[in-house]
Amino acid sequence: MEEIRVRIAPSPSGNLHIGTARTALFNYLFAKKNNGKYVLRIEDTDAERTSQEYIDNIFDSLKALGLNWDEGPDVGGEYGPYTQSERFDIYPKYAQMLLDKGFAYECFCTPEELEAEKEEATKNKKAYVYSKKCQNLTEEEKAKLRAEGRKPAIRFSIEKAQKAFHNNPVIHFDDLVKGDLHQDTSLIGDFVIMKSNGTPTYNFAVVIDDMLMKISHIIRGEDHISNTFKQILIYEALGAEVPKFGHLGMILAPDRSKLSKRHGATAVSEFVEKGYLTEALINFVALLGWSPSDGQEIKSLDEIAQDFRINEVSSSNSIFEYDKLNWMNGQYIKKMDIKELTQLAKPFLNKYDLTELTQAQLEKVIESTREPITVLSDLTNDVAYFFGKDIEFEEGVKEKNIDTEQAQNILKYFDSQLDSYDFNNEEKLHEQLAEFRTYFKENFGIKPKETMWTVRAALTGRTHGADMGVILEVLGKEKVKYRIQKAINCK
RNA sequence: GGUCCCAUCGUCUAGAGGCCUAGGACACAUCCCUUUCACGGAUGCGACAGGGGUUCAAAUCCCCUUGGGACUACCA
């Protein structure tokens, strides 16, 4: 069997979209599962919409997700170059081949003429199909138009190709995920393959590149289904082997429209900036359309690859909801190596003076704060009371947990105990804290919870947060005393 | 408008004619655990879009309707 080769071919007209990331993922998984090669190709034939910034973003995002390619613009490979704009010299040759074989023809129509045809079609409520008026131009007519300064585009003749390779105008192909798909080719207009400026259009460039790069399986979004029929005809006209195609359902926003900016983040890099872990992102996105055979949803890229079968992928669209992503991100945050997590957390701690803490203390802070959070950016607020001298009280906390007589008594007693606490020993601190709350429970019937709320409020300004032992230890005796005294005095 | 694709809990999905009084995960609710918030555990709520067929038997096959999506460029 010939080698399995797949590709991801983003166009750098924006940052790497989460949908493109999923397509890349499924290609990657298919390649890994089948010992194939996964190649990256940049489709930048439209210079107007391309920018280096986007190319960098695509590279960085793909790498961050762990979707490393075997061949691509940066790593090279046997079938390069892997950037379409560097391949401009090869497309005209194949266009010429098609011209010679009679599967293509020059078209001198102006945009105005084409526009008129389209208007006519919509007026008659018919599908727009190019009139083919340039198909049978004589050499003299062409020469005349050229003399007028008109530059021709090259169009592909659908009908000629269909008749040459298919008995029926309705052509079929067996989609890897959707099964039998068909289209009446008489409804497809003779589309442009080479623009009048000499550059190829998408539908032509992909075929040439996929053919030359020996791509065996093309896995992409279902928005490409209609292109597939055009592309199959081109492969055939070129005398090339037609690859297998698989079309994935789309990712939709909760309102069932296309996922766009107004729904929040769309680029992988934006998710990362918000505090999503790339491991969680890729795991989550894999679950959109694919499901693990053992029901275990949290899985690494490698584990998913082992279990992946393209024909088991769902053929319907799926909606991108944050609930499960958030849950999953929280799971990854909870399980991540603490040193690694601390490193990832740093960008979200910009507003604090990190030199106040040692690396070990910072790790301790992150460790004891990571549990309830869902995105890394939650840390910014959750960690606030570990920094600076003073704290800010959350709404209502002071009134409820500091300003009452009971609270004041608790604080005074706590203050009196402080000198006996061992601030360098977290374990000991836990024991002492336990004794402390037992004292109030046994003597005054105050719930341990409430006792701790008061101390916590005085020290952090909130009634929830990290483990109290950790708070005491990291803050240190001096700061603890200061904050407790302040809570007592401000009464 | 035309063409194509899709259709199981709110969401992601399991389900390849009998294993389905439809399973899991997220979310939600209640309870348990607990120094807080969480985590974890338990329980609950909750779906085969509708209608016709085919079959002894249909969530699974076929048709229609409805709904959603995609495409309809000298963009990719």
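Please read all numbers here as calculations on a predicted model, not as lab measurements. Numbered from 1 within each chain, the chains take letters A, B, ... in sequence-line order.
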In the strands shown, is [N] matched to any nucleotide by a Watson-Crick or G-U wobble pair with both distances under 3.5 Å, and which?
N     : answer
B:C9  : none
B:A29 : B:U43
B:A70 : B:U3
B:C37 : none
B:G18 : B:C56
B:C48 : none

From [atom1] of [X] over to [atom2] of [N], roughly how many Å is that when rounded to an integer?
X      : N     : atom1 : atom2 : answer
A:M328 : B:A27 : CE    : C1'   : 14 Å
A:E395 : B:C37 : CD    : P     : 19 Å
A:H182 : B:C4  : NE2   : C1'   : 7 Å
A:L181 : B:A70 : CG    : P     : 17 Å
A:I298 : B:C39 : CD1   : C1'   : 13 Å
A:E222 : B:G68 : CD    : C1'   : 11 Å
A:K299 : B:A25 : NZ    : P     : 14 Å
A:L459 : B:U35 : CG    : C1'   : 13 Å

Between [M] and [N], how far apart are the [atom1] atoms? Round to whole Å, please.
N     : M     : atom1 : value
B:C62 : B:G68 : C1'   : 22 Å
B:C26 : B:A42 : P     : 11 Å
B:U43 : B:A14 : P     : 24 Å
B:C6  : B:C64 : P     : 14 Å
B:C33 : B:U21 : P     : 37 Å
B:G69 : B:A22 : P     : 31 Å
B:C39 : B:U34 : C1'   : 11 Å
B:C20 : B:A57 : C1'   : 13 Å

Query raised in the report: Does a side chain donor of either A:T201 or A:N203 reach within less than 3.5 Å of an acceptor in the other side chain?
Result: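 There is no such pair between these side chains.
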Query raised in the report: Are side-chain N/O atoms of A:R220 and A:T228 paired as donor and acceptor at under 3.5 Å?
Result: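 Indeed, the side chains of A:R220 and A:T228 share at least one donor-acceptor pair under 3.5 Å.
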Aromatic ring proximity, centroids under 6.0 angstrom, [Y] and [X]:
X      : Y      : answer
A:Y128 : A:Y130 : no
A:F229 : A:F173 : yes
A:F26  : A:H217 : no

Query - Parallel, tilted or perpendicular: rings of A:F436 and A:Y413 (30°, 60°) - result: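 Because their plane-to-plane angle is under 30°, the rings of A:Y413 and A:F436 count as parallel.
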Query - Which residues share a side-chain hydrogen bond (donor to acceptor under 3.5 Å, both in side chains) with A:E442, sequence neighbours left out - result: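 Partners of A:E442 under the side-chain hydrogen bond (donor to acceptor under 3.5 Å, both in side chains) test: none.
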At a cut-off of 3.5 Å, list every protein nitrogen or oxygen paired with a nitrogen or oxygen from nucleotides 40-50 of chain B, distance to 0.1 Å.
| from | atom 1 | to | atom 2 | distance (Å) |
| --- | --- | --- | --- | --- |
| B:G40 | OP1 | A:Q331 | NE2 | 3.2 |

Requested in this report: Supply the atom-to-atom distance A:L98 CG to A:F204 CZ, rounded to the nearest 0.5 angstrom.
Outcome: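 Interatomic distance, A:L98 CG to A:F204 CZ, rounded to 0.5 Å: 5.5 Å.
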Query raised in the report: Between CG of A:L176 and CG of A:L248, what distance do you get to the nearest 0.5 Å?
Result: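 If we round to the nearest 0.5 Å, A:L176:CG and A:L248:CG are 10.0 Å apart.
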Query raised in the report: Can the positive tip of A:K230 be found less than 6.0 Å from the middle of the six-membered ring of A:F191, inside 45° of the ring normal?
Result: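 Checked: cation-pi criterion met.
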Requested in this report: Using a 4.0 Å heavy-atom cut-off across all strands, classify A:H247 as base, sugar-phosphate, or nothing.
Outcome: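 Since no nucleic acid heavy atom lies under 4.0 Å of A:H247, the category is nothing.
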Query raised in the report: What is the nucleic acid contact for A:D184, judged by heavy atoms within less than 4.0 Å: base, sugar-phosphate only, or nothing?
Result: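 No contact at all - A:D184 keeps every heavy atom at 4.0 Å or more from the nucleic acid.
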Report summary line: Each nucleotide of nucleotides 7-14 of chain B classed B (base within 4.0 Å of a protein heavy atom), S (only sugar-phosphate) or -, in 5' to 3' order, makes S---SBSS
**Report entry** Where protein sits on nucleotides 71-76 of chain B, one letter per nucleotide: B base, S sugar-phosphate only, - none, heavy atoms under 4.0 Å
**Finding:** S-SBBB
For residues 462-471 of chain A, dump all side-chain donor-acceptor pairs below 3.5 Å to protein atoms at least two apart in sequence or in another chain.
| from | atom 1 | to | atom 2 | distance (Å) |
| --- | --- | --- | --- | --- |
| A:R462 | NH1 | A:N381 | O | 2.9 |
| A:R462 | NH2 | A:N381 | O | 3.0 |
| A:R462 | NH2 | A:N381 | OD1 | 3.4 |
| A:D467 | OD1 | A:H430 | NE2 | 3.1 |
| A:D467 | OD2 | A:H430 | NE2 | 2.7 |
| A:D467 | OD2 | A:G469 | N | 2.9 |
| A:D467 | OD2 | A:V470 | N | 3.1 |

**Report entry** salt bridge (charged side-chain N to carboxylate O under 4.0 Å, His left out) between A:E106 and A:R146, worked out
**Finding:** CA-CA 11 Å; A:E106 290 177 309; A:R146 252 186 258 274; 2.9 Å; yes
Query raised in the report: Pick from A:Y421, A:F440, A:Y439: which one makes a ring-ring contact (aromatic ring centres under 6.0 Å, His included) with A:F414?
Result: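 One option only clears the test, and that one is A:Y421.
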Query - Toward the 5' end of RNA chain B, by each residue's nearest nucleotide, A:G465 or A:L252 - result: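 The residue whose closest nucleotide sits nearer the 5' end is A:G465.
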Report task. May I ask you to test the A:F284-A:Y322 pair for a side-chain heavy-atom distance under 4.5 Å? Result ->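 No, every pair of side-chain atoms sits at 4.5 Å or beyond.
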Query raised in the report: Is the shortest heavy-atom distance from the side chain of A:Y91 to the side chain of A:Q84 under 4.5 Å?
Result: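 Yes, side chains in contact.
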Requested in this report: Look at A:R437 and B:U35 and indicate whether a side-chain polar atom (N or O) is within less than 4.0 Å of OP1 or OP2.
Outcome: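 So the side chain of A:R437 is within the cut-off, an N or O lying under 4.0 Å from OP1 or OP2 of B:U35.
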**Report entry** A:D209 and A:Y82: CA distance, side-chain angles, deciding distance, side chain to side chain donor-acceptor pair (under 3.5 Å) verdict
**Finding:** CA-CA 9 Å; A:D209 290 342; A:Y82 292 88; over 6 Å; no
Query raised in the report: Where along residues 368-382 of chain A does a heavy atom fall under 4.0 Å from RNA chain B?
Result: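 Correct list: A:E371, A:P372.
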